[in-house]
Amino acid sequence: MNDMLEKLYAAKAAVRESDEAREPLAVLRERALSRMRERRNFREALAGARGPAIIAEIKRASPSVGIIVPKLDPSEIAREYEAAGADAISVLTESDHFLGDLAYVDIARAASTLPILRKDFLSSRYEVAQSAAYGADAVLAIVAGLSDERLAEMVDEARRYALGVLVEVHTEDELRRAVAAGARILGINNRNLHTFETDLAVTEELLPLVPSGTIVISESGVKSQDDVRRLVAQGARGVLVGESLMRSDDKHEAIRALKGATVTA
Ligand SMILES: O=P(O)(O)OC[C@@H](O)[C@@H](O)c1c[nH]c2ccccc12
């Protein structure tokens, strides 16, 4: 694991410990199960999307670029994303480097009808149950930061609450591990977590190695209709877009443009 990732997971483990002292796993599991009827199907939303599936991200800051938007109204952004035609919403909940908050998940959920992905450096059953209890419909599992055992535990815990799992990979080896863990929704991250550089060629290189029936979402560095066109032409079902949408003053037009990519693809 690289330094940055290691730091993020270590900080997260400390947060988890204090959370656990306040709200034990059993309490969260019960609450997660009591919210089963609210669950929105992340996988179906992507599979059934018209044109390329767009996961629009709510992200206030990131380690690679710093502050993206000084003030954030997650409710308003969630509403805008849905009205603009997004298929799902990703919410950063990591607080130190991304200035996120777990509460944003339920805020985004209340403001839209789309499935909500909790994006964070999660590595335990506890955090998966917590995500479901706090209104998530799907969680992120970053293979580079997880042992096979941890990954399997997260996938197993997610199944209990019918949560989707977006299994993120960046290399061929990680892709193999994701497939072995039974990943049905793969996120191919174009960003190299050592250098923070993005290169859409990462998705293009890994796509031919993905088993059929797996939904592939290309993540990071996607900005234009041409980018989406290129990625879907290679077999991606859709894209996850953060920074370029957060910076856009006209989210409606921005998403419409990304969506329009299949028309000629
Ligand atoms: O802002 P971008 O370049 O559109 O990227 C979005 C998303 O892919 C990125 O936020 C991301 C991908 N994997 C992550 C893991 C943790 C935190 C954030 C991420």
Side-chain angles (χ1 to χ4, degrees), residues 1-2 4-12 15 46 52-69 72 74 77 81 86-102 104-105 108 116-123 127 131 136 138-146 151 154 165-171 174-175 178 183 185-203 206 216-228 231 236-248 251 254-255 257-258:
M1 218 192 294
N2 79 54
M4 180 70 198
L5 212 51
E6 214 164 305
K7 239 189 266 163
L8 285 161
Y9 276 100
K12 199 65 209 177
V15 172
L46 304 178
I54 308 291
I55 306 176
E57 184 156 280
I58 299 179
K59 174 164 73 169
R60 205 176 136 202
S62 75
S64 51
V65 295
I67 302 272
I68 300 168
V69 289
L72 181 74
I77 298 175
Y81 279 165
D87 299 291
I89 295 174
S90 166
V91 177
L92 248 310
T93 62
E94 199 279 338
S95 57
D96 291 341
H97 297 83
F98 295 86
L99 305 182
D101 193 316
L102 180 52
Y104 293 168
V105 169
I116 311 292
L117 167 72
R118 180 186 181 192
K119 203 108 174 303
D120 207 326
F121 299 85
L122 313 177
S123 62
E127 290 155 322
S131 305
V139 290
L140 180 73
I142 305 170
V143 174
L146 298 167
L151 177 59
M154 287 181 69
V165 183
L166 180 65
V167 183
E168 180 176 300
V169 302
H170 180 71
T171 66
E174 289 167 15
L175 171 60
I185 318 171
L186 267 183
I188 299 184
N189 194 0
N190 300 308
R191 179 169 290 116
N192 179 325
L193 292 174
H194 296 273
T195 62
F196 288 143
E197 264 164 41
T198 59
D199 182 357
L200 302 189
V202 173
T203 292
L206 296 185
V216 173
I217 299 297
S218 183
E219 310 178 288
S220 307
V222 178
K223 295 190 180 73
S224 68
Q225 184 170 91
D226 271 356
D227 291 344
V228 181
L231 294 162
R237 185 66 191 84
V239 292
L240 193 156
V241 186
E243 191 185 340
S244 74
L245 286 177
M246 288 301 298
R247 287 195 197 280
S248 166
K251 300 193 184 348
I255 290 181
L258 297 173

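Both counts, for ligands and for their atoms, begin at 1 and track the order of listing. Note that this is a predicted model, so its numbers are computed, not measured. Residue numbers count from 1 along this sequence.
Considering backbone and side-chain N/O of Val222, none are found under 3.5 Å from N/O of ligand 1. For ligand 1, none of its N or O atoms has an N or O atom of Ser244 under 3.5 Å away. At least one N/O-N/O distance between Gly242 and ligand 1 falls below 3.5 Å.
Neither the backbone nor the side chain of Met246 comes within contact range of ligand 1; no heavy atom lies under 4.0 Å. Contacts of Ile142 with ligand 1, taken as heavy-atom pairs under 4.0 Å, involve the side chain alone. With a 4.0 Å heavy-atom cut-off, ligand 1 is reached by the side chain of Glu168 but not by its N, CA, C or O.
Near Gly221, meaning under 4.0 Å from any of its heavy atoms, are these atoms of ligand 1: 2 (P), 3 (O), 4 (O). Atoms of ligand 1 lying under 4.0 Å from at least one heavy atom of Glu243, given by number and element, are 1 (O), 2 (P), 4 (O). Contact atoms of ligand 1 toward Val241: 4 (O) (distance under 4.0 Å to a heavy atom of the residue). For ligand 1, the atoms lying closer than 4.0 Å to a non-hydrogen atom of Leu140 are 15 (C). Against a heavy-atom cut-off of under 4.0 Å, Leu240 is close to the following atoms of ligand 1: 6 (C), 7 (C), 8 (O). Per-residue contacts place Lys59 under 4.0 angstrom from the following atoms of ligand 1 (heavy atoms of the residue considered): 1 (O), 2 (P), 5 (O), 6 (C), 9 (C), 10 (O). Interface atoms of ligand 1 facing Phe121, defined by a heavy-atom separation under 4.0 Å, are 16 (C), 17 (C).
In this structure a side-chain-to-backbone donor-acceptor pair under 3.5 Å is present from Tyr81 to Glu57. Formation of a donor-acceptor pair under 3.5 Å by the Glu168 side chain with backbone atoms of His170 is not found in this model. For Ser248 (side chain) and Ser244 (main-chain N/O), no donor-acceptor pair under 3.5 Å exists by modelled atom type.
Within the 4.5 Å cutoff, the side chain of Met154 has no heavy atoms near those of the Val165 side chain. Residues Glu94 and Asp96 have side chains in contact (heavy-atom distance under 4.5 Å, counting atoms from C-beta outward). Within the 4.5 Å cutoff, side-chain heavy atoms of Ile77 are placed close to those of Lys251.
Within 6.0 Å of atom NZ in Lys223, 12 or fewer heavy atoms from other residues, nucleotides or ligands are found, so the atom counts as exposed in its surroundings. By the 6.0 Å contact criterion, CD on Glu197 is open, its count of non-hydrogen atoms from other residues, nucleotides or ligands being 12 or less.
Considering Val105, Ile142, Leu240 as possible partners of Lys119, the one that fulfils the side-chain contact (heavy atoms from CB on, under 4.5 Å) test is Leu240.
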Side chain to side chain contact (heavy atoms under 4.5 Å, CB included) assessment of Glu219 paired with Leu140: CA-CA 12 Å; Glu219 310 178 288; Leu140 180 73; 4.2 Å; yes
Trace of the side-chain hydrogen bond (donor to acceptor under 3.5 Å, both in side chains) decision for Asn190 with Thr198: CA-CA 5 Å; Asn190 300 308; Thr198 59; over 6 Å; no
Residue pair Phe98, Asp120: steps toward the side chain to side chain contact (heavy atoms under 4.5 Å, CB included) verdict: CA-CA 9 Å; Phe98 295 86; Asp120 207 326; over 6 Å; no
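For atom 10 (O) of ligand 1, the nearest protein heavy atom (residue, atom name, distance) is Glu57 OE2, 2.6 Å. The nearest heavy-atom contact from the protein to atom 17 (C) of ligand 1 is Phe98 CZ, 3.6 Å. For atom 11 (C) of ligand 1, the nearest non-hydrogen atom of the protein is Lys119 NZ, 2.8 Å. Ser220 OG, 2.7 Å is the protein heavy atom nearest to atom 8 (O) of ligand 1.
Using a 4.0 angstrom heavy-atom cutoff, Arg191 counts as in contact with ligand 1. Proximity of Thr198 to ligand 1 is not established, as no heavy-atom distance is less than 4.0 Å.
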